Amino acid sequence: MTLLFRRKLLNSIVLTLSGMAAIAGLFMLAWILGDVAWKGFAAINWNFFTALPTPAGVKGGGLANAIVGTLLMTGTAACIAVPFGMMSGTYLAEFGKNNIFGHFVRFVADILVSAPSIVIGVFVYLILVKPMHNFSGWAGAFALAIIMLPVVSRTTEEMLRLVPPEIREASLALGSPYWKMTYKIIYRSAASGIFTGVMLAVARVAGETAPLLFTALNSPYWMHGMNEPMANLTVVLFNYAMSPYDDWHMLAWGAAFIITISVLAVNVFTRIILRTKRRRS
Amino acid sequence: MNMKKRKIWGDVIFRGLTASFASGIAVIFIAIIVVLWHQSQPSIQKFGFSFLVSMSWNPVHEQFGALIPIAGTLLTTFLALLFAIPLSLGIALFLAELAPHWLRTPFGTAIELLAAIPSIVYGMWGLFVLGPLMADYVQPFLKATLGFLPIFSGSSMGIGMLTAGLVLTLMIIPFISSVTRDVFLMVPQPLKEAAYGLGCTTWEVVRDVMIPYGRKGIAGAVFLGMGRALGETMAVTFVIGNAYHLSWSLFAPGNSIASTLANEFTEADGQVYLSSLIELGLVLFLITLIILSLAQIWLRRSAAGRA
């Protein structure tokens with residue numbers, strides 16, 4: 001066995017292993033999505049979207065309140081986090097590029113993006129739920145907003161930085177003040193990028209469970225406002241999947257199906273937007 | 001003159017406004033640490049340092065120690081990295097160097113979509129699909145072939161440390177592989193071509209040029225995945241088994257910090273119990289803080305090195 005042969009052999013072994021790793025990754029994606037689609041689709045019917053949960057063993061239960069609860073809390077979280085995050089992203093991109101404060105906020109935001117979401121849940125429990133002696137939809141929305149905030153801030157910053165300096169210079173040369181340039185020119189050129197970033201952040205928090213476990217809790221009833229414990233798809237999924245009842249497992253698969261489909265749809269959709277935009281420019 | 005002054009004031013206000021929102025992020029970050037520290041005082045004062053090394057977790061007698069959840073967190077993370085690092089490097093290599101160009105984008109997107117699936121779906125899939133598979137086929141097989149090792153002993157329950165590690169592996173592969181792919185793509189073409197020109201095989205170019213060139217970025221990617229694995233809650237809670245004992249066997253059920261919090265936080269009665277759980281959360285936050293800081297520093301440096 002010559003040295004050259006041995007080198008070529010080693011090369012082809014490594015390359016084969018690498019290809020197999022990639023195929024394994026794809027296979028796992030197909031396997032998980034296949035199971036979720038297969039089992040989840042069977043659970044989806046009219047009742048799933050319109051009926052309230054029923055006790056275990058009683059047929060015809062649905063997750064209507066949980067679907068509304070998830071939409072409500074995710075929407076509220078977006079209303080808090082999007083303006084907040086956009087403003088702070090604007091600071092980081094326009095003023096805080098190289099000063100210590102900017103670096104610090106960027107560093108902290110990057111850490112918060114990956115920080116354990118359950119700790120955010122504990123934090124919100126301590127500052128909102130415990131003092132008010134009440135689990136509530138507000139607390140859940142607030143926890144989700146904290147998770148969204150650094151994501152929105154960082155994507156806004158990145159998108160603003162992509163705006164070519166010539167556009168800024170042209171606007172400033174015409175005598176526009178900095179703030180007017182930012183909100184009339186820069187935001188507009190970065191709008192589609194910021195929008196996709198926000199959509200991805202919303203998709204991410206819509207699938208979050210851990211921060212809602214001790215903030216929004218869960219409820220089998222329709223909500224009368226956001227000041228009470230609020231049903232949501234992910235916590236219901238958790239409780240039902242951990243229960244010993246088959247019909248609850250079924251509903252849990254249905255919930256998993258709905259969540260996964262929505263999150264993946266947003267992800268694919270935003271990729272298409274970004275790609276068509278890149279092709280045009 | 002008047003006009004000019006107004007303009008400047010507008011900019012000062014704008015800058016101050018955006019800066020105050022930016023400082024909001026820093027305030028939240030600091031508030032998390034301060035509030036958790038403050039609220040875990042009862043537990044810190046009662047147990048002191050022994051909290052971190054004690055194995056007892058007894059709500060009835062209010063004796064709490066964090067060793068078992070900490071060990072569970074570290075062990076499942078270690079297992080996940082053990083499987084995920086080679087697989088992710090393989091995937092990154094395939095996406096950056098080997099795959100035909102028309103295949104790279106769809107393949108890369110597919111791997112990134114693995115990261116978009118909510119963690120609770122992984123957990124549920126692990127409990128209902130992977131768990132039974134482990135109990136019926138994988139664990140009996142491992143026991144039959146490698147059963148003389150203490151780590152592969154014990155009963156095949158399906159859920160436990162090994163299954164939790166595998167689910168975590170799946171969850172962190174997309175993070176490590178997509179960052180590593182980007183690192184590989186940043187290696188300057190002339191550097192690679194020079195090595196190919198000397199007669200190197202693809203593997204030799206990867207081993208001697210691409211990996212050394214991107215080592216900081218790869219380290220950052222691994223630590224990013226590690227940070228994710230340490231704090232992952234739902235995927236682990238489903239499959240780890242929630243038991244308070246320490247065993248050599250990877251088949252045994254255990255507990256991680258995050259799964260302990262998920263299971264017990266709403267049920268905690270009594271000040272010491274609750275504040276012990278809060279202290280667990282603080283420990284988790286500080287561990288991930290260190291790991292993620294290292295990840296950021298390495299990723300920044302590798303980005304700076306490129307420029």
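Hydrogens, waters and symmetry mates play no part in the numbers below; they use all other heavy atoms, side chains included. Labels below follow one simple rule: chain letters A, B, ... track the order of the sequence lines, proteins then strands, and each chain is numbered from 1. Quantities reported herein were computed from a predicted structural model and do not represent experimental measurements.
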Stepwise salt bridge (charged side-chain N to carboxylate O under 4.0 Å, His left out) check, B:Arg228 with B:Glu232: CA-CA 6 Å; B:Arg228 289 275 170 175; B:Glu232 178 45 51; over 6 Å; no
For [X], which atoms come within 4.5 Å of any heavy atom of chain A: side chain, backbone, both, or neither?
X: B:Leu127; answer: side chain
X: B:Leu230; answer: neither
X: B:Ser20; answer: neither
X: B:Thr201; answer: both
X: B:Ala99; answer: neither
X: B:Thr233; answer: side chain
X: B:Ile25; answer: both
X: B:Ser88; answer: neither
X: B:Ile291; answer: neither

Cut-off 3.5 Å, no hydrogens considered: what does the side-chain donor-acceptor table look like for residues 169-178 of chain B, sequence neighbours left out?
residue: B:Thr169; atom: OG1; partner: B:Gly165; partner atom: O; Å: 2.6
residue: B:Ser177; atom: OG; partner: B:Ile173; partner atom: O; Å: 2.7
residue: B:Ser178; atom: OG; partner: B:Pro174; partner atom: O; Å: 2.9

With a 4.5 angstrom heavy-atom cut-off, is it the side chain or the backbone of [X] that approaches chain B, or both, or neither?
X: A:Val205; value: neither
X: A:Leu15; value: both
X: A:Ala203; value: neither
X: A:Ser153; value: side chain
X: A:Phe135; value: side chain

Neighbours of chain B found in residues 91-98 of chain A - heavy atoms under 4.5 Å: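 Listed by number, the contacting residues are A:Tyr91, A:Phe95.
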Straight-line distance of B:Leu261 CG to B:Leu277 CG, nearest 0.5 Å: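 Answer rounded to 0.5 Å: 6.0 Å.
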